[in-house]
Amino acid sequence: MREKFLTNTEKTFVNKCISQNLRIDGRRMNDFREMKLTFGSQWGSAHVTLGESRVLVQVSCEVALPKSVRPHEGLLQINVDIGPMAAAHFEAGRSSDETIQINRILERAFKDSNCVDLESLCLVAEEKVWSLRVDVNVLNHDGNIIDCASVGVLAALAHFRRPDVTWSGTEFTIHTMAEKDPIPLVLHHFPTCVSYVVFQEGTVACADPTDLEERVAEAKVVFGLNSYQELCGLHLGGISLLSSGFIIDLANRGGKHARKHIEMIKALLEEDSKKRQEGVRVSFVRSIEEGSIKSSFEDRIPIKIPSRERRKKVKMDNKKDLEETMEEENFEIQQITPDTAVLMDVDNFGLGGPNKWLPDEENSPESSDSDGESQEKKLKVEEKSKSDSEEEITMMV
C-alpha cells in the first residue's frame, strides 16, 4: 500500500505555522513529547512510548563463532522491524528505506561507539562468544521513531542479563537462572539519539518532530549523544544547507535533553531492581493494570471546558446585559408563539409603513367581485383569437 499522499494545503499550513513559531500539537519549537518507559517480565524487554509512537525492544543472546578479524570480541546485531501494524504503507517482512536508515543510525550510535564491552562476551577465544541480538519492533509510527527506538535499545541493553558460564578444561556449562544469577552487560557509556527537523532554508529547527512535520521538513538532523555530551553519531539528511554554528547550537540543546533521558532510564532501572528484590510482579500486564501503558495517553489539542457554575454565571451575565440594552434603547419582547419571541424597537416601530407584500389573487376580496368581468374578458379574447386563425387559414387557401 502506498503512503498517504501529502497535499499542498497541508504543506502550506505547516510552513505557515512554523513561520509564526507555532506547532500543530501546541508545543514550542524546543519542546519534546512525553516519554514513558516500562520493563517486561523477561530480562532485556522494554516498551517505550513517545507521544503516539510506540516501540517494543527485546534483547536475546546465543553462543556463536566470533569474527576472524576480532576473535576476542562478541557480536552485537540490531534489527529494526516496521510492519503494517505501525503504518499502513509498510509491508510485512520487507525492509523499507526508512527501516534501513533507522537501523544504520542505531548501529552507529551503539555499535560503532563501543557502547557495549564486546570483549566481556568472549567465552573461548577464536571459538565461542556471546552474540547479542536486539529486536526493535515499531508498534505505532507517529514520527521520531529514532529517538523512541534509541531509548528502548539503551534501556533493554542495561536491563538485560546473560546466563552465567562455567569453564572446566575442555567443556563449559551454561547455567540456568535457577542455578546461578544472570550477569548484566558491561556498558561503557549510555548513548541516546535526539532528532530535529529544519524549516525555512536552515533557519528554524523543531525538536521531536511528528510524522507530518518530518514529511514537510526540508532537512533532518539526528545526534547520538551520551550523558557526558560526547558525540556518538551524526546524521544529516535533506535538501537544505546548514551552517556549522547552527549544528553546534542544536547539539548543545540536544545534549541537555539526552541527559534527561539517561537519568530517567537509570531511575527506572533502580526501581525495577527494587521491585524484583521485593518480589513484586513486574510485567507489561501489570503496567496495563496500573495504567502506565494506554492506547492514547496524550491529548493532542487540549480544550478547557468551563464548569457548570461558570456556564451559569456567563448565562446570567448575558441576560443582565440584554436587560440593560433593552432599558437604554427602549426594546420590548413581543411573543409570537408560545415558544418564540421577537425583540421589537418601540421608538422606531411603524416607521417602515404597512406591509407591502401583495396578497394572493385567490384570497383577495377583489377577485371574488370581479369573477364575472374576468370571465367575459377571457371569452372575448378566445373568440378573437379563433376568428384571427380562421382568417389566416382562408387567406392561405
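What's counted below: heavy atoms across the whole structure, side chains too, no hydrogens, waters or symmetry copies.
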Glu214/Lys220 salt bridge by N-O under 4.0 Å criterion: yes

Separation between SG of Cys17 and CZ of Phe199, rounded to the nearest 0.5 Å: 10.0 Å

Donor-acceptor under 3.5 Å (Asp249 side chain, Gly245 main chain): no

4.5 Å side-chain heavy-atom contact, Thr176 and Pro163: no

Chi angles and distances behind the salt bridge (charged side-chain N to carboxylate O under 4.0 Å, His left out) call for Glu10, Arg215: CA-CA 10 Å; Glu10 291 176 322; Arg215 297 176 64 185; over 6 Å; no

Backbone N/O of Ile183 and side chain of Arg162: donor-acceptor pair under 3.5 Å: no

Met85 CE: over 12 foreign heavy atoms closer than 6.0 Å: no

Polar side-chain atom of His141 near backbone of Ala87 as donor-acceptor pair, under 3.5 Å: no

Between Thr166 and His175: side-chain donor-acceptor atoms closer than 3.5 Å: yes

Test item: side-chain donor near acceptor, Ser53 and Asn140, under 3.5 Å: no

CG on Asp142 to CG on Asp25, rounded to 0.5 Å: 9.0 Å

Pairwise side-chain contact, Leu123 with Val165, heavy-atom cut-off 4.5 Å (strictly under): yes

Worked check of side-chain contact (heavy atoms from CB on, under 4.5 Å) between Ser131 and Val63: CA-CA 6 Å; Ser131 175; Val63 179; over 6 Å; no

Closest non-hydrogen atom pair, Tyr196 against Gly254: OH-N, 3.4 Å

side-chain contact (heavy atoms from CB on, under 4.5 Å) evaluation trace for Asn21 with Met29: CA-CA 7 Å; Asn21 294 327; Met29 294 301 174; 4.1 Å; yes

Shared hydrophobic cluster, Val136 / Val222 (ILVMFWY, side-chain heavy atoms < 4.5 Å): yes

Heavy-atom side-chain proximity of Leu75 to Lys67 below 4.5 angstrom: yes

ILVMFWY cluster, Val151 and Val194 together (side-chain gap under 4.5 Å): no

Any Thr173 side-chain heavy atom under 4.5 Å of Trp167 side chain: no

Between His72 and Glu126: side-chain donor-acceptor atoms closer than 3.5 Å: no

Check: Asp147/Asn144 side-chain N/O donor and acceptor closer than 3.5 Å: yes

Least distance between heavy atoms, Ala46 atom then Gly152 atom: CB-O, 4.2 Å

Heavy-atom pair with the smallest gap, counting every atom of Thr192 and Ala258: OG1-CB, 3.4 Å

For the student: nearest non-hydrogen atoms of Pro71 and Val129, plus distance: O-CG1, 4.3 Å

Non-hydrogen side-chain atoms of Val134 and Phe110 separated by less than 4.5 Å: no

Crowding at CG, Leu236 (>12 non-hydrogen neighbours, <6.0 Å): yes

Reported CD1-to-CG distance for the pair Ile78 and Asp135, which is rounded to 0.5 angstrom: 10.5 Å

Flag side-chain contact, heavy atom, 4.5 Å: Arg161 against Pro184: yes

From Leu132 atom CG to Lys111 atom NZ, the distance as rounded to the nearest 0.5 Å: 11.0 Å

CD/Glu201: more than 12 non-hydrogen atoms of other groups inside 6.0 Å: no

Side-chain donor or acceptor of Asn103 paired with backbone N/O of Ile100 under 3.5 Å: no

pair Leu154-His261: side-chain heavy atoms closer than 4.5 Å: no

Atom CZ of Arg276 with >12 non-hydrogen neighbours under 6.0 angstrom: yes

Trp43 with Val186, same ILVMFWY side-chain cluster at under 4.5 Å: no

Under 3.5 Å: donor-acceptor pair, side chain of Asp181, backbone of Met177: no

Verify same cluster id: Val80, Leu50 (apolar side-chain graph, 4.5 Å): yes

NE2 on His159 to CD1 on Ile265, rounded to 0.5 Å: 12.5 Å

Single-linkage hydrophobic cluster Leu106~Leu118, side-chain heavy atoms < 4.5 angstrom: yes

Lys274/Asp272 ion pair, N-O < 4.0 Å: no

Which atom of Ala158 lies closest to which atom of Leu269, heavy atoms considered: CB-CD1, 3.5 Å

Shortest non-hydrogen contact between Ile262 and Phe190, atoms and distance: CD1-O, 2.9 Å

His257 and Phe32 aromatic centres sub-6.0 Å: yes

Ser96 and Thr99 side chains, donor-acceptor separation under 3.5 Å: yes

Pairwise side-chain contact, Gln200 with Ile18, heavy-atom cut-off 4.5 Å (strictly under): yes

Arg253 atom CZ, neighbour heavy-atom count above 12 within 6.0 Å: yes

NZ/NE/NH1/NH2 to OD/OE distance under 4.0 Å, Glu52 and Arg33: no

Atom CD of Glu73: over 12 foreign heavy atoms under 6.0 Å: yes

Ionic contact status for Asp208 with Arg27, cut-off 4.0 Å: yes

